[in-house]
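Here's the structure we're looking at; comments come further down.
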Number of protein chains: 2
Amino acid sequence: MAVAGQRVSIFDVAKRASVGVGTVSRVLNGREGVSAATRKRVLAAIDALGYHPSRLASGLSRGRSDAVAVVVPFITSPSVVVRLEGILEVLDNVGLNTVLYSVGNRQQRDRHLGVLGDRHEAAGVIVVSIRLSRQHVERFSAVGTPLVLVDTRVAGVPSIEVDNREGGRMAASHLLGLGHRSFGFIGDIDRKHLGFSSSSERLEGFSARIAEAGIDPSRIAVRSGIHSAGEAAVLAASILELVEPPTAIFAASDTQASGVLSYLKSKGLTAPGDLALIGFDGLEVSALLGITTVAQPLFESGVRGAQLLLQLLAGEVPDPGELVLPLRLLPRSTTVSGASIEPVSRSP
Amino acid sequence: MAVAGQRVSIFDVAKRASVGVGTVSRVLNGREGVSAATRKRVLAAIDALGYHPSRLASGLSRGRSDAVAVVVPFITSPSVVVRLEGILEVLDNVGLNTVLYSVGNRQQRDRHLGVLGDRHEAAGVIVVSIRLSRQHVERFSAVGTPLVLVDTRVAGVPSIEVDNREGGRMAASHLLGLGHRSFGFIGDIDRKHLGFSSSSERLEGFSARIAEAGIDPSRIAVRSGIHSAGEAAVLAASILELVEPPTAIFAASDTQASGVLSYLKSKGLTAPGDLALIGFDGLEVSALLGITTVAQPLFESGVRGAQLLLQLLAGEVPDPGELVLPLRLLPRSTTVSGASIEPVSRSP
DNA sequence: TTGTACGCGTTATCAA
DNA sequence: TTGATAACGCGTACAA
């Protein structure tokens, strides 16, 4: 038992086990060249003293922190949280600490990213959903700090992504297949200039597919605002008040789609009768409300991203360094009128 | 500019400014006893070299990390995320790193909490929504590591809470005032044994108020399950299939209330016509779906918790060490039939 | 196989 | 007002 008072150091362990600190260190780090007998003695001493090494001291000695920095855009979006969960699960399993950096604007982004290349700050860095400039990336490669990108991409940097354009195409195909010929789109505006591009990429794919169907994509009623359900409701209103409102709306996220649905409800309208609606992400809320959506593997993106970083940390060169995860279209009751509103599955 | 290659240390700065490292350290930490002239020279050198101190080294020297550990239950619940945002905002502002510990079961909890008292691990700790034992707390007080509790409480430890019983009473009063006389309750079951107690406390208050109205509280149809909308939908079904189903349901959280609402919708039922429904938390989803709720200041709880920790870190003794934040009942369309489904406000 | 001593980058103490 | 130097706790060459 660690008695209150003085911190127990590697020296105390060494003394108790009648060995040198070097030996204790060797045991601690699973290095060979220690006889079974001494190893056992050392382990016993460690246990008896309740000793655990100081992250600070070992980090300083090794020349690098053992924490992983995870940089996320101001956590307001559920999708980011799910990715983060995935990251945490993997890192926690291998005993790495996760330091969370939430950035709400460019200044914060640059301030944090500018210093995170330092190995004393973090052993490695995972950036989620934030666009990085070449300069940012070069800082990292210059000092050799492993960097992984999740839901964003820079050529040459290991990353986990989905094909947002393809997702847009999938949404369009689904709606076209149902006979729709006029469309609205509700997306994000990147007010904080953090370089979010998924929304516009999804629109690109959506437009391209519409055009292929012989429809003028410039006729899509496009509205953008901050990423929130409330804002999306307002944008939906603006689209539906058009003289010739579209029959279908593609929202760039489930959060926004849920806002559209709430607007419809408030006006006594229904989907897909009055308006077909499709979202993006595959969040629980979409299942709950029966919103058709293009689902992406959010949790998995976090897991994969963290695993990628682990490889980098181990000095390996990840084979498919830039990974593209698959999307799935989940048809539900906001587009397919027959579809029963599923009695939400028990497992979350 | 920090040239790629060697790390620039306090020694480099000292050399460039023609002073001793002691002086640089003094400037760095804003200590007095440095002439304006030398301070200026040092600052210039720091700037020219792009120097910033090593957290590892200063931590080791000072004997404690400058990171704050935040322990949260497996981040699946939106309420926890909002609290976390509040915490991050405050800590980031003062330059403290936030190390996130997500615990999904007792083993994880004990493993993390057991080591977090060490000042080399964290300068201070904030525990969110997880019940701590006396032993846990004593470990912290023994070594003097500041500890703050958010949404949980232990006598003598600084904490931020709401009065869950009072919240339950508020919900009951609201429903009683609307003429309801039969009730259902949907709450959490703490399957992972992390000591969540809000749900049962809310039920206690709810029951007490019901009893005061002359109704036998044992007649409340109580159902509990894991915290998820889907599970809540299943529980709602079980309640509504009773031979004499209640006319109102109190869900222990908005997430669960949204599950109940989705179940109603899937059955073609409406609120409050077929069933009055009230939730808890005041999450955006409740506004979106028009669910009446008992709102608690989630973001603020994080902010206050972090501020409390800052005081502790500064050696101050927070005056009301155990803070109870106010609750507000927000009547919406799942209980008050007249209430229009609000066209969700623009600001989130 | 094991012990010793130095270095990691800061802070803090003590002289100057 | 300053500079030199001893910790802080650990990893690791190097010596034994």
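Below, chains carry the letters A, B, ... as their sequence lines are ordered, and counting in each starts from 1.
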Starting at NZ of A:K15 and ending at P of C:dT2, how long is that distance when rounded to a whole Å?
20 Å
So which nucleotide from C:dT10, D:dG11, C:dT1 ends up closest to the side chain of A:N29?
D:dG11
Could you check how far CZ of A:F11 sits from P of D:dA7, rounded to whole Å?
13 Å
Minimum heavy-atom distance between A:H120 and B:L56, given as atom pair plus value:
O-CD2, 3.7 Å
It should be established whether B:R62 places a side-chain nitrogen or oxygen under 4.0 Å from OP1 or OP2 of nucleotide D:dA7.
no
Tell me what A:V24 touches on the nucleic acid: a base, only sugar-phosphate, or nothing, going by heavy atoms under 4.0 Å.
nothing
Hey, is the main chain of B:S133 close enough, under 3.5 Å, to the side chain of B:H136 for a donor-acceptor pair?
yes
Hey, are A:H193 and A:N105 close enough side-chain-wise for a donor-acceptor pair under 3.5 Å?
no
By nearest nucleotide on DNA chain D, pick out whichever of B:A57 and B:R41 is the more 5' one.
B:R41
Closest approach to the side chain of A:T23, judged atom by atom: which nucleotide of D:dG9, C:dT11, C:dT2 is it?
C:dT2
Between atom OG of A:S129 and atom CZ of A:R83, what is the distance when rounded to the nearest 0.5 Å?
5.0 Å
Taken to the nearest whole Å, CD1/B:I46 to P/C:dT10 is 10 Å
Base of C:dG9 paired with side chain of B:R55 (donor-acceptor, under 3.5 Å)
no
Among the nucleotides D:dT12, C:dT10, D:dT2, whichever has the atom closest to the side chain of B:S35 is D:dT2
Mind checking A:R64 for me? I need base, sugar-phosphate or nothing, with any heavy atom below 4.0 Å counting as a touch.
nothing
Is any side-chain N or O of B:S58 under 3.5 Å from a base N or O of C:dT10, one able to act as donor and the other as acceptor?
no
Counting only side-chain nitrogens and oxygens, does B:T38 get under 4.0 Å of the OP1 or OP2 atom of D:dT2?
yes
Nearest to side-chain heavy atoms of B:V34, which nucleotide of D:dG9, D:dT2, D:dT12
D:dT2
Using a cut-off of 4.0 Å on non-hydrogen atoms, how would the nucleic acid contact of A:G33 be classed: base, sugar-phosphate, or nothing?
base
Does the side chain of B:S54 get closer than 4.0 angstrom to OP1 or OP2 of C:dT10 through an N or O atom?
no
Tell me what B:G22 touches on the nucleic acid: a base, only sugar-phosphate, or nothing, going by heavy atoms under 4.0 Å.
base
Under-3.5 Å donor-acceptor pair between A:R26 side chain and C:dG3 base:
yes
Using whole Å, report how far CG of B:D118 lies from C1' of D:dC8.
13 Å
Distance below 4.0 Å between B:S61 side-chain N/O and D:dA7 OP1 or OP2
no
Could you state the CG-P distance from A:L49 to D:dG9, rounded to the nearest angstrom?
14 Å
Provide, to the nearest angstrom, the distance between the CG atom belonging to B:D66 and the P atom belonging to C:dG9.
17 Å
Separation of D:dG9 P from A:L28 CG (nearest whole Å)
15 Å
Between B:R111 and A:D92, does any NZ, NE, NH1 or NH2 come within less than 4.0 Å of an OD or OE carboxylate oxygen?
yes
Which nucleotide in the set C:dT10, D:dT12, D:dG9 lies at the smallest distance from any side-chain heavy atom of A:R31?
D:dT12
Out of C:dT11, C:dA5, D:dG9, minimum distance to the side chain of B:I10 belongs to C:dT11
B:R119 versus B:V143, closest heavy-atom pair with distance
NH1-O, 3.5 Å
From CG of A:L56 over to C1' of D:dC10, roughly how many Å is that when rounded to an integer?
11 Å
